Amino acid sequence: MLQGLAGTWVVVGALLWGCGLALLQGGMLYPRESRSRERKELDGLWRFRADFSQNRRQGFEQQWYRTPLRESGPSLDMPVPSSFNDVGQDGRLRSFVGWVWYEREATLPQRWTEDLGTRVVLRIGSAHYYAIVWVNGVHVAEHEGGHLPFEADVSRLVQSGPLSSCRITIAINNTLSPNTLPPGTILYKTDTSKYPKGYFVQNTNFDFFNYAGLHRTVLLYTTPTTYIDDITVTTDVDQDTGLVNYQIVVQGSEHFQLEVCLLDEEGTVVAKGTGGRGQLQVPSAHLWWPYLMHEYPAYLYSLEVKLTAQTAAGFVSDFYTLPVGIRTVAVTQSQFLINGKPFYFHGVNKHEDADIRGKGFDWPLLVKDFNLLRWLGANAFRTSHYPYAEEVMQLCDRYGIVVIDESPGVGIVLAQSYSNVSLQHHLEVMEEMVRRDKNHPSVVMWSVANEPASFLKPAGYYFKTLIAHTKALDPSRPVTFVTNSNYEADLGVPYVDVICVNSYYSWYHDYGHMEVIQLQLATQFESWYKTYQKPIIQSEYGAETITGFHEDPPLMFSEEYQKGLLEQYHVVLDQKRKEYVVGELIWNFADFMTDQSPQRPIGNRKGIFTRQRQPKSAAFLLRERYWKLANETKCHRSAVKSQCVGNSPFTF
Ligand code: GCB
């Protein structure tokens, strides 16, 4: 892979073997059931209380975690997973800033509490933003950051007495500061002629509602006390042989054996290995291809890992199965290559957002979204503007939807947010994110931030450090951040592999003048490319549209204007994609909730689908375009020419 690419950056999968996660301890494998592992989901109704006290600290002063929540005052029923903001009728809760308290009892199987060879782990998929966790009143974990999982080994606590249940209390604070990701500020309004005493508001520099709560599954799972803690897989291709490099970390014992087996989709063993690291060779490998790029996209093998260890109590075994897609990613001066073939991103930006549940994980919504993506002919999305649920990434692997995986680095615009404290936290967040998502074949690039003030002086050092660190964590993928700065002023872009640019011509300026889009967009692309000679993705463009508003000739906010604006962009994209533009991602997949402001009529309406996932006219326009692009690129690469007829969508 190293030879033959004149590009700015190439994949060096094998180097990942040398990589170490500098700051974090331990792995964060997705909790899967196996012959040695059980899981118990704690989704459903939890008890809930928001701390409305003046300093929001009454819960700590009165130690609400010490006794069941019902004993320290009234509580509400709160569904998990869900944001707490939109499920109630209390306006104060919708905009609440401060500590909220969640609690529930979990009944544990007898073996979990009696078998000292069992390790019991509490895992919280996402708690926004800062969380403290107690089990039976004992502090077990603290975590900063709203979009990534964290865990606590609670074996000692649940095995210390004749317990059949345990009480889990989680306090969560959604307050943002200039050093959090995303950043925010609390503004105290002290003019007593206008505001009551102690009045404050939380300000943010991002355009989505700061939903909070337990957004993803909370669960308990078990492993043996000697267990498979982490697996890292990178893949490469040599002729038609797939190469699967693996590295396994074991905790709990120094004396163990590891066996690995790679199975194809039929369940046939295609390669075997032993030991904590190695390379499996798969002759005539089925590669993992993106959706619409191949007749059989998204091929997944299964890597079965078996650990056996000799412990004081006898032999123990642990089993873990990881889905593996064999594919390569590389970037040249003008192309994004997957499996050595040019890949053009035609897709969307999303949000985790829906009526009532806010950012709460919801299977029906997720399946609907993937059905819409495939209907649309989208082959990619960006996780704007934070890491999405692990189940989302799993479906991307399964359907071949390519992902630009973005950190919660959105709204970094204050000078304070470039401090060392902020940078340190951002480095840790990248570690958590890479640790969680490194094995997903669908993830082809990391995005460390969205629209930072990258023209500020400290931005150069900040992004240089952040991008270098991310590359050290994972040399197998390109790294970017998404810019809306001027090409001459941007101090971060020198360090990215692919330039991702957002622009809103004839929306945030030149209102209504769609006739200037082509000139402005062409100038944008040419300026960036002349300066950097790197591939470019139009990572956002779009127009606010209220579904059902019709105006012809088009006026802003009408469905016709959204379509017209997109069409102007497409003219230039069609020219430049023949040169160095490697993708286009519409803003946004669906309408979504934001803070209240005169520009946001109940949220951001730039979706091509409504918040309830119904199509606006632009969805049909994009559908035609994406299928046409897919047909073109597929014809370009495949022998199946007969399917390349007209503009109509084809199916495999
Ligand atoms: C952007 C931001 C996105 C906003 C969008 C808009 O540039 O990246 O978060 O929602 O513009 O609609 O203004």
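Owing to the predicted nature of the structure, the values given are computational and were not obtained by experimental measurement. This chain uses plain numbering: 1 for the first residue, then up along the sequence. Just follow the structure's listing: the first ligand is 1, and inside any ligand the first atom is 1.
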**Message:** I need the contact type for Asn604 against ligand 1. Using non-hydrogen atoms and a strict under-4.0 Å cut-off, is it side chain, backbone, both or neither?
**Reply:** side chain
**Request:** Using a 4.0 Å heavy-atom cut-off, say whether Phe206 meets ligand 1 through its side chain, its backbone, both or neither.
**Result:** neither
**Request:** Test side-chain contact (heavy atoms from CB on, under 4.5 Å) on Asn604 and Glu544 and set out the steps.
**Result:** CA-CA 7 Å; Asn604 185 310; Glu544 212 87 22; 3.5 Å; yes
**Request:** Give a yes/no verdict on a cation-pi contact between Arg382 and Phe345, requiring under 6.0 Å between NZ or CZ and the six-membered ring centre and an angle within 45° of the axis.
**Result:** no
**Complete:** Logged contact type for Gln599 with ligand 1, heavy-atom cut-off 4.0 Å, is neither
**Request:** May I ask you to identify, for Tyr541, whether its side chain, its backbone, both or neither come under 4.0 Å of ligand 1 on a heavy-atom basis?
**Result:** neither
**Message:** Could you identify the single nearest non-hydrogen protein atom to atom 7 (O) of ligand 1 and state the distance to 0.1 Å?
**Reply:** Glu451 OE2, 2.4 Å
**Request:** Say whether, by atom type as modelled, one donor and one acceptor occur between the side chain of Asn349 and the main chain of Ser539 under 3.5 angstrom.
**Result:** yes
**Complete:** Taking only non-hydrogen atoms of Phe592 and a 4.0 Å limit, the atoms of ligand 1 in range are 10 (O)
**Asked** Does Tyr504 come within less than 4.0 angstrom of ligand 1, counting non-hydrogen atoms of the residue?
**Response** yes
**Request:** Among all protein heavy atoms, pick out the one at the shortest distance from atom 10 (O) of ligand 1; state its residue, atom name and that distance to 0.1 Å.
**Result:** Asp207 OD2, 2.5 Å
**Fill in**
The protein heavy atom nearest to atom 9 (O) of ligand 1 is His385 NE2, 2.7 Å
**Asked** Are the ring centres of Phe481 and Tyr462 closer than 6.0 Å?
**Response** no
**Message:** So, 4.0 Å and heavy atoms of Arg605: is ligand 1 close enough to count as a contact?
**Reply:** no
**Item:** atom 13 (O) of ligand 1: nearest protein contact (heavy atom, Å)
**Value:** Tyr508 OH, 2.4 Å
**Asked** So which heavy atom in the protein is nearest atom 8 (O) of ligand 1, and how far is it from that ligand atom?
**Response** Glu540 OE2, 2.7 Å
**Message:** I want to know whether Tyr388 and His147 have ring centres closer than 6.0 Å.
**Reply:** no
**Asked** Got the closest protein heavy atom to atom 12 (O) of ligand 1, with its distance?
**Response** Lys606 NZ, 2.5 Å
**Asked** Looking at Arg600 and Asp595, does any basic side-chain N land under 4.0 Å from a carboxylate oxygen?
**Response** no
**Fill in**
Here the atoms of ligand 1 under 4.0 Å from any heavy atom belonging to Trp587 are 3 (C), 4 (C), 5 (C), 6 (C), 9 (O), 10 (O), 12 (O)
**Message:** Below a 4.0 angstrom heavy-atom separation, can you tell me which part of Asn450, side chain or backbone, both or neither, approaches ligand 1?
**Reply:** side chain
**Prompt:** Stepwise, does the side-chain hydrogen bond (donor to acceptor under 3.5 Å, both in side chains) test hold for Tyr386 with His351?
**Reply:** CA-CA 9 Å; Tyr386 38 80; His351 262 301; 2.8 Å; yes
**Request:** Answer yes or no: is there a donor N or O on one side and an acceptor on the other, between the side chain of Glu431 and the main chain of His469, under 3.5 Å?
**Result:** no
**Request:** I would like to know whether Glu579 and Tyr529 meet side-chain contact (heavy atoms from CB on, under 4.5 Å); could you show each step before the answer?
**Result:** CA-CA 10 Å; Glu579 300 175 39; Tyr529 196 71; over 6 Å; no
**Prompt:** Can you list the ligand 1 atoms lying under 4.0 Å from a non-hydrogen atom of Arg600?
**Reply:** 6 (C), 12 (O), 13 (O)
**Request:** Check Tyr508, Tyr569, Trp587 against Tyr541 for a ring pair (Phe, Tyr, Trp, His ring centres under 6.0 Å) and give me the one that passes.
**Result:** Tyr569
